[in-house]
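Before any comments, here is the structure.
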There are 2 protein chains.
Amino acid sequence: MDVDSWTPPPVLVAVDLVIFTLRAGRLQVLLVQRGVEPFAGARALPGGFLSHAQEDLAAAAERELAEEAGLAAGELHLEQLGVYGTPGRDPRGRVISVAYLAIAPRLPEPVPGTDAADAWWVPVEVALSEQTTLAFDHRQIIADGVERARSKLEYSALATAFCAPMFTIVELQEVYEAVWGVRLDPRNFYRKVQSVDGFIVPAGPVRKNDNGRPARLFRAGPRQALYPPMTRPPAPADQPLTTRLHAPADKVRNEHEH
Amino acid sequence: MDVDSWTPPPVLVAVDLVIFTLRAGRLQVLLVQRGVEPFAGARALPGGFLSHAQEDLAAAAERELAEEAGLAAGELHLEQLGVYGTPGRDPRGRVISVAYLAIAPRLPEPVPGTDAADAWWVPVEVALSEQTTLAFDHRQIIADGVERARSKLEYSALATAFCAPMFTIVELQEVYEAVWGVRLDPRNFYRKVQSVDGFIVPAGPVRKNDNGRPARLFRAGPRQALYPPMTRPPAPADQPLTTRLHAPADKVRNEHEH
DNA sequence: TGAATAGTGTCTTTCAGACAGTATTAG
DNA sequence: CTAATACTGTCTGAAAGACACTATTCA
């Protein structure tokens with residue numbers, strides 16, 4: 001920035017999406033299969049390059065959300081996750097990727113992908129495991145997304161973004177259990193979540209079950225920042241919490257007991 | 001990403017730094033005066049363009065830290081804050097800025113700026129007020145940095161990054177008070193901070209004061225994530241906490257009492 | 001009726017917040 | 001001694017976690 005004749009190096013900007021939802025009681029992420037080099041055949045996060053020089057980053061994220069996942073941006077939570085710009089992360093040249101985190105309520109089974117050859121919901125512990133070959137630095141991006149979601153469940157109302165507009169308290173609890181990878185006491189959860197003012201508000205009457213007492217329905221309340229926060233059990237030591245996802249929820253609890 | 005002959009638009013990438021420190025019991029941010037258009041004469045965050053196509057983003061942040069603030073990266077906390085990429089934020093063309101948050105212990109009075117014409121520590125409430133003309137979207141970036149620092153004090157050991165390698169508990173308390181803009185009870189703070197395992201560890205004997213009992217010295221402990229977290233008084237409603245900084249610390253407390 | 005799921009009450013422990021009191025220095 | 005700062009103890013109320021119990025549905 002000192003010499004006047006010098007010009008900064010131009011860089012290509014990609015936007016990638018970490019789209020989470022809850023399916024079968026597990027936290028799942030949307031992955032596509034790359035059809036072209038580099039990393040042809042590997043799994044990757046949906047995303048793409050900025051379409052033109054004047055496109056806003058968030059707008060590009062919304063466009064990719066529609067193109068690659070058939071999701072309308074208005075219906076879901078979307079926030080910036082971070083920038084990934086290590087030189088060499090893309091063999092084609094200098095590409096930095098702006099990652100966005102999207103949270104979607106459970107969607108109809110097939111993902112109506114238009115661009116990508118194929119797209120699937122993959123449980124995060126599968127996506128992060130060795131058995132999945134991920135393009136670029138997408139494993140790191142997913143891991144960061146998991147960590148972001150976990151910590152935001154504590155002190156924000158993000159959990160409601162995983163739910164349909166109306167939901168039961170048990171459904172909300174399932175969000176916490178799946179994302180944190182723990183089991184929570186339904187009775188304490190019930191009391192706790194209702195005591196946080198403005199987190200959820202009663203809506204409609206009840207929802208019938210196949211069997212058992214119908215559950216009351218709620219909507220997301222106005223409060224974004226939760227006070228007091230939802231507390232998650234302490235991490236065993238100081239390592240990244242990502243490791244805990246690999247263990248089944250039932251076992252996680254035992255890790256604390258010695 | 002569909003047509004093969006299409007190529008994505010190249011973009012210029014800047015790296016900007018939000019450098020916080022504690023001076024005179026207040027949270028202060030380092031600002032430079034721009035010497036060239038656009039926004040010549042306005043205050044701005046230290047920063048600059050990527051120097052060459054293969055420079056890593058974090059490396060660029062460290063380079064700017066050294067060039068513009070004379071700070072060695074090894075000595076301070078540095079983390080990515082976010083990307084700012086609204087079209088039109090830079091009148092020269094499409095520039096996206098990767099913002100980094102740096103936390104420094106109190107430094108010797110004059111800032112040994114080399115590149116920038118001038119650099120000053122400015123209290124954040126001054127920097128965010130109308131009286132300061134800031135270039136680009138740097139007001140927003142600073143506000144986001146303040147919010148990040150505030151929330152990370154709660155559940156991480158970030159506060160120690162504001163302190164010298166050895167510090168007293170009162171000094172640590174001053175960090176919390178300045179960043180949160182509240183007053184805390186020294187006796188409860190003392191007990192609380194010591195009860196969080198691994199947050200701070202005793203070091204050396206004591207530090208003498210001009211007057212009064214010498215204080216014990218501590219170092220940052222190994223624990224990064226605090227459990228249980230340090231709790232900050234609840235925000236009055238749901239608006240951004242930034243507004244609270246404009247009120248003197250003494251008055252903030254009263255806002256809750258009705 | 002029983003099985004299943006939803007929701008309540010109550011006890012114990014832990015922790016935040018208020019604040020009285022003790023300890024160690026300089027003068 | 002007093003003034004000043006550092007540190008300790010103790011009480012109270014709120015909230016977390018464990019878990020017995022009641023409520024409402026379907027078959």
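Note on naming: letters A, B, ... go to the chains in the order of the sequence lines (proteins, then strands), and numbering restarts at 1 for each one. The structure presented is a predicted model; accordingly, all values stated were derived computationally and were not measured.
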Could you state the CD-P distance from A/Gln194 to D/dA16, rounded to the nearest angstrom? 14 Å

Using whole Å, report how far OH of B/Tyr190 lies from C1' of C/dA16. 19 Å

Which residue pairs satisfy the side chain to side chain donor-acceptor pair (under 3.5 Å) criterion with at least one member in residues 165-174 of chain A, sequence neighbours excluded? A/Glu171-A/Arg207, A/Gln173-A/Glu177

Over how many whole Å does the gap from A/Ile169 atom CD1 to C/dA6 atom P extend? 10 Å

In whole angstrom, what separates A/Gln173's CD from C/dA6's C1'? 12 Å

Take the protein atom CZ of A/Arg183 and the nucleotide atom P of D/dA18, then report the distance between them rounded to whole Å. 14 Å

Counterpart residues, side chain to side chain donor-acceptor pair (under 3.5 Å), relative to A/Tyr155 (two or more places apart): none

Nearest-nucleotide check on DNA chain D, B/Leu217 vs A/Asn188; residue mapping nearer the 5' end is B/Leu217

Within the 4.0 Å heavy-atom criterion, would you say B/Arg216 contacts the bases, only the backbone, or no part of the nucleic acid? sugar-phosphate

List, with names and distances, any nitrogen or oxygen atoms from the protein found under 3.5 Å away from nitrogen or oxygen atoms belonging to nucleotides 23-27 of chain C.
from   : atom 1 : to       : atom 2 : distance (Å)
C/dA23 : O4'    : B/Arg213 : NH1    : 3.4
C/dA23 : N3     : B/Arg213 : NH1    : 3.3
C/dT24 : O2     : B/Arg213 : N      : 3.3
C/dT25 : O2     : B/Gly212 : N      : 3.2

To the nearest angstrom, how far is A/Leu172 atom CG from C/dT5 atom P? 19 Å

Partners passing salt bridge (Lys or Arg N to Asp or Glu O under 4.0 Å) against A/Glu154 (at least two apart in sequence or in another chain): A/Arg232

Could you pull out the protein-nucleic contacts involving nucleotides 12-15 of chain C (nitrogen or oxygen on both sides, under 3.5 Å)?
none

B/Arg187 meets the salt bridge (Lys or Arg N to Asp or Glu O under 4.0 Å) criterion, sequence neighbours left out, with B/Asp185

A/Lys152 meets the salt bridge (Lys or Arg N to Asp or Glu O under 4.0 Å) criterion, sequence neighbours left out, with A/Glu79

Closer than 3.5 angstrom, by distance alone: can the side chain of A/Arg150 be matched with the main-chain N or O of A/Val179 as a donor-acceptor pair? yes

So, using side chain to side chain donor-acceptor pair (under 3.5 Å) as the criterion, who are the partners of A/Arg43 when residues are at least two apart? none

Do the two ring centres, one from A/Phe189 and one from A/Tyr176, sit under 6.0 Å apart? yes

In this structure, how many angstroms lie between the P atom of D/dG17 and the CG atom of A/Leu184, rounded? 9 Å

Whole angstroms only, please: what is the CZ-P distance between B/Arg187 and C/dA20? 7 Å

Sequence-distant partners of B/Arg191, salt bridge (Lys or Arg N to Asp or Glu O under 4.0 Å), two or more places apart: none

